[in-house]
Amino acid sequence: MNTTQLEKIRTGRGFFAALDQSGGSTPKALAEYGVERDRYRSEAEMFDLVHAMRTRVLTSPAFDGSRILAAILFEQTMERDVNGVPTARYLWDEKNVVPILKVDKGLAPEQDGVQLMKPIDTLDELLERANRHQIFGTKMRSVIHDADEAGIAAIVDQQFEYADRIRAVGLVSIISPHKEQAETLLRDAIAKHVEALPEGALVMLKITIPTRPGLYGELAADPRVLRIVALSGGYSRDEACALLARDPTLIASFSRALLEGLTESQTDEEFNGQLESSIEQIYQASVHQQPVSS
């Protein structure tokens, strides 16, 4: 593990940029960027277009490690280059941004009020490639739809089982059960697993911004929890930043909210100006937060 990257994640001021849209979410991301479906006829063409979009973001003067701690990448992005340099190496060497890899393969059908992850059959091979690319950590996502205790327990069990395998090869896993309700059940299920981790083990958590600020405060203080980051969910950037600023235990890990307002047709000056404004707003919400009211 790169100890400089570890210290940046542990103590740095800033947020995570989630640039890990995969096959299912890429068409929507491209449409919001102004690239409609008639612009590509195959999945390969679609991924070429989204990589061009991501390259424009990563190479922008606004995008660097002074405010962005880490970037979460899709597997194909890790295997591609930015300005002739492998993406993960470009992020760290040129931008001082820690590279993290999305490793899940999507969601299984809903059962017991939740959607578990599909089996990650190629995990060992994927982790080997991640280490070759000098990836720091991984991210996995599952979804909670209802306050079903058995379903929530199953999600957290699955996330931590995969996290054990990821930790064994020297990477830090982001455990990411996206919830819509059942926040206390989720927190308690995660806390039980964190308490069982050996001393020196490290995980990160990625959750939806909770309704009650400070809900994850005790977990954030546990030395085995490296960082707790929050996704923007269905909120606009303004709404997500306002909610995030209420909770000093969290920093942002935004995807759609980060890219909101960026379009292919913008000039470089317009594009970079919009990205600068977005990054600054998310940064301020992540580092200048209000204390939790008692």
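For the single chain, residues carry numbers from 1 onward in sequence order. What you are looking at is a predicted structure, and each value in this text was computed from that prediction instead of being measured.
Around atom CD of Glu270, more than 12 heavy atoms belonging to other residues, nucleotides or ligands sit under 6.0 Å away. The number of heavy-atom neighbours closer than 6.0 Å to OH of Tyr235, taken from other residues, nucleotides and ligands shown, is 12 or below.
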Does the pair Gln274 and Ser278 meet the rule for a side-chain hydrogen bond (donor to acceptor under 3.5 Å, both in side chains), with working shown? CA-CA 6 Å; Gln274 176 61 61; Ser278 301; 3.1 Å; yes
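Here the straight-line distance linking atom CD1 of Ile120 with atom CG of Leu127 works out to 8.5 Å at 0.5 Å rounding. Distance check, rounded to the nearest 0.5 Å: CG of Leu91 to CG of Asn96 gives 10.5 Å. Here CG of Leu215 is found 5.5 Å from OG1 of Thr184. Values are rounded to the nearest 0.5 Å. From Leu231, atom CG reaches atom CG of Leu244 across 11.0 Å, with rounding to the nearest 0.5 Å. Taken from CG in Asp124 to CD1 in Ile166, the straight-line distance is 10.0 Å, to the nearest 0.5 Å.
Evaluation of the side chain to side chain donor-acceptor pair (under 3.5 Å) test over residues 12-27, restricted to residues two or more places apart or in two chains, returns Arg13-His288, Asp20-Lys139, Gln21-Arg54, Gln21-Ser255. The side chain to side chain donor-acceptor pair (under 3.5 Å) analysis of residues 30-41, with sequence neighbours excluded, yields the pairs Tyr33-Arg56, Arg39-Glu264. Applying the side chain to side chain donor-acceptor pair (under 3.5 Å) rule to pairs touching residues 216-230 yields Asp222-Arg224, sequence neighbours excluded. The stretch residues 87-143 participates, sequence neighbours left out, in no ring-ring contact (aromatic ring centres under 6.0 Å, His included) pair at all.
Looking at residues two or more places apart in sequence or on another chain, you find a side-chain hydrogen bond (donor to acceptor under 3.5 Å, both in side chains) between Asp48 and Arg80. Under the salt bridge (Lys or Arg N to Asp or Glu O under 4.0 Å) criterion, Arg167 pairs with Asp164, not counting sequence neighbours.
For the pair Ile68 and Val97, the tightest heavy-atom approach, listed with the atom from each and the gap, is O-CG2, 3.7 Å.
Side chain to side chain, Gln76 and His51 fail the donor-acceptor criterion of an N or O pair below 3.5 Å. Side-chain polar atoms of Gln159 and Ser176 form no donor-acceptor pair below 3.5 angstrom. A donor-acceptor contact closer than 3.5 angstrom links the side chains of Asp238 and Gln281.
Residues Asp247 and Arg212 are not paired through a salt bridge, judged by the lack of any N-O separation under 4.0 Å between the basic side chain and the carboxylate. Using a cut-off of 4.0 Å between Lys/Arg side-chain N and Asp/Glu carboxylate O, Arg132 and Glu79 are scored as not salt-bridged. Ion pairing between a basic and an acidic side chain is recognised when a charged N comes within 4.0 Å of a carboxylate O; Arg129 and Glu125 show such pairing. A salt bridge links Glu260 and Arg256; the closest N-O separation between the charged side-chain nitrogens and carboxylate oxygens is under 4.0 Å.
A heavy-atom distance below 4.5 Å is found between the side chains of Arg237 and Ile282. The shortest side-chain heavy-atom distance between Ser173 and Ile175 falls under the 4.5 Å cut-off.
Although no hydrogens or angles enter the test, the distance criterion places a donor-acceptor pair under 3.5 Å between the side chain of Ser236 and the main chain of Glu239. For the pair Asp148 (side chain) and Ala150 (backbone), a donor-acceptor distance under 3.5 Å is present.
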